[in-house]
Protein chains: 2
Amino acid sequence: MSKASERAYAEIRGLILSGDAPPGSSLTEEALADICGVSRTPVREALRRLEAELYVVRSDSQRLYVADWNSEDLAEMFTLRAMLEAHAAARAASRITPQAIDALRACNARIAAAIAGAEADVASFLAENRLFHEITIAAADSPRLATILAALVEQPVVRRTASRYNRTELARSAHEHAELIQAFAARDVEWARAVMTGHIRRAFHAFSAAAPVK
Amino acid sequence: MSKASERAYAEIRGLILSGDAPPGSSLTEEALADICGVSRTPVREALRRLEAELYVVRSDSQRLYVADWNSEDLAEMFTLRAMLEAHAAARAASRITPQAIDALRACNARIAAAIAGAEADVASFLAENRLFHEITIAAADSPRLATILAALVEQPVVRRTASRYNRTELARSAHEHAELIQAFAARDVEWARAVMTGHIRRAFHAFSAAAPVK
DNA sequence: CCAGCATAGTTTGTATACAATAGCGTCCAT
DNA sequence: ATGGACGCTATTGTATACAAACTATGCTGG
């Protein structure tokens, strides 16, 4: 995609993820155009994409707002994610290449290092955790699934999830990743599916057990 | 959405579904704007939406083409659909209202009538079949799931599916719908899930057994 | 005081003009 | 003849201007 609309997309998405544009707040095209330093046209493109990816929602008449997720929405999202990522893991188990397995191992090693740091390096954890899931989804070799998951996995609330976990939970996550890698190496489809299902479900439970979002 | 972009969306989608814009063919904004009688701006909006819904794909550099599905893509899509619609059915089973059940019964009665007609009324079958699934998904009361499924269920190749079924298969489909309604009425979550899974899978098998798309 | 409507202002929708870029063909040089 | 480079053309990207639609506010009449 061309420069301006891409930049606008990144910029607006950043506003949402950072919380500068809090859930429920109104997004007007002109204001965003000013912020991004582009005209309304690329902003509109960006907003369409963000809408498709569920970052923003349209109200009764065409006004756009930052998506607001209640606890029921969150539960729904985690359920869908568990189902779809489990499917991706199962597919990956039967198709993944040795190179991708190596990449996952390296990735998980970096996660472990981040957790082991003096104070757990949450930013590194987030980035590597995301990469881990991306590699897995890529290994599933299912473009449609990848498209669908991209819209779910990247939600603001998910991105902020890790900061709510304590070190024990982060360690558990890394351990589950390791088991998943084992399942991949063994090409055990059902094992991979089960591990991933549990992984996402436990992540949700840990999330729910922690303090509310605000 | 406003009038012009909505019309453009419907028009272009119609071109794709009817086959006037065959899979793999190039879509240029200006040509479409001429056809739709609007400017490029709403056409662009429409194309963005069609892209998100997987009707069209972007090539290396920004040119848009009508999506072309190989047999592997189709298998993948039916698999995802089976998984997601089964989830929708399970959710619907625990939430559906008596009114929605009545609507499903009426819908399926019309399907039966269409099949029983002198020559099976494929158009009616298609419309009612689609309505049936829409009601089910609505009953699942899961906006995210609905959004995701909308992109999958409405694919051109799926819409043309029914014309490849013989009367026996259409009748089987209606019978499975009836069983699904029973499961809903009984509020039996796992039954509903199983019926829907089998329903989509059998639809795919019948589809695959028939002649190739072209 | 309330209801309804008119109107002004804000926001989105559409069209058009122009800019940038990618694809492609031709032409020249080796 | 072949390879590369140049420029032309087709297509997409962006900006701006204007139109339509919705909101909200205040006014008027009951």
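Protein chains get the first letters and strands the later ones, always in sequence-line order, with residue 1 at the start of each.
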- [ ] Check the pair A:L145, B:T79 against side chain to side chain contact (heavy atoms under 4.5 Å, CB included), reporting the backbone distance first and the verdict last.
- [x] CA-CA 10 Å; A:L145 182 60; B:T79 302; over 6 Å; no
Open item on the list: side chain to side chain contact (heavy atoms under 4.5 Å, CB included), that's the test. Do A:V43 and A:E30 meet it? Break it down for me.
Closed with: CA-CA 8 Å; A:V43 167; A:E30 198 166 359; over 6 Å; no
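Separating the CD atom of B:E51 from the C1' atom of D:dT12 is a distance of 13 Å, rounded to the nearest angstrom. Here D:dT12 presents its P atom at 12 Å from CZ of B:R48, a figure rounded to the nearest Å. As a whole-Å value, the separation of B:R40 CZ from C:dA20 C1' is 12 Å. If you measure from atom CD of A:E29 to atom C1' of D:dA15, you get 14 Å, rounded to the nearest angstrom. B:K3 places its NZ atom 11 Å from the C1' atom of D:dA21, with the value rounded to the nearest Å. Taking atom OH on A:Y65 and atom P on C:dT11, their separation rounds to 10 Å, with Å as the unit. With rounding to whole Å, B:L64 atom CG is found 13 Å from D:dG13 atom C1'. Taking atom CD of residue A:E45 and atom P of nucleotide C:dT12, one finds them 16 Å apart after rounding to whole Å.
Interatomic distance, CG of A:L32 versus CD1 of A:I12, reported as 4.5 Å (0.5 Å rounding). Between the CD1 atom of B:I135 and the CZ atom of B:R105 there is a distance of 12.5 Å, given to the nearest 0.5 Å.
Side-chain proximity of B:S39 to the nucleotides C:dT14, C:dG13, D:dG13 is greatest for C:dT14. Of the candidates C:dT12, D:dT14, D:dG13, the closest approach to any side-chain atom of A:A4 belongs to D:dT14.
At the phosphate of D:dG13, OP1 or OP2 sits under 4.0 Å from a side-chain N or O atom of B:R44. Under 4.0 angstrom from either OP1 or OP2 of D:dG13 there lies at least one side-chain N or O belonging to B:Q62. B:S5 has a side-chain polar atom (N or O) that falls below the 4.0 Å cut-off from OP1 or OP2 of C:dT14. Between B:R58 and D:dG13 there is a side-chain polar atom (N or O) within less than 4.0 angstrom of OP1 or OP2. Taking side-chain N and O atoms only, A:T41 has no distance below 4.0 Å to OP1 or OP2 of D:dT14.
Looking at heavy-atom distances under 4.0 Å, B:T28 makes contact with sugar-phosphate atoms alone, never a base. The residue B:L27 sits close only to the backbone: its heavy atoms come under 4.0 Å of sugar-phosphate atoms, none of a base. Among the heavy atoms of the strands lying under 4.0 Å from A:R63 are primed sugar atoms or P, OP1, OP2 only; no base atom is included.
Minimum heavy-atom separation, B:C36 to B:A8: SG-CA, 4.0 Å.
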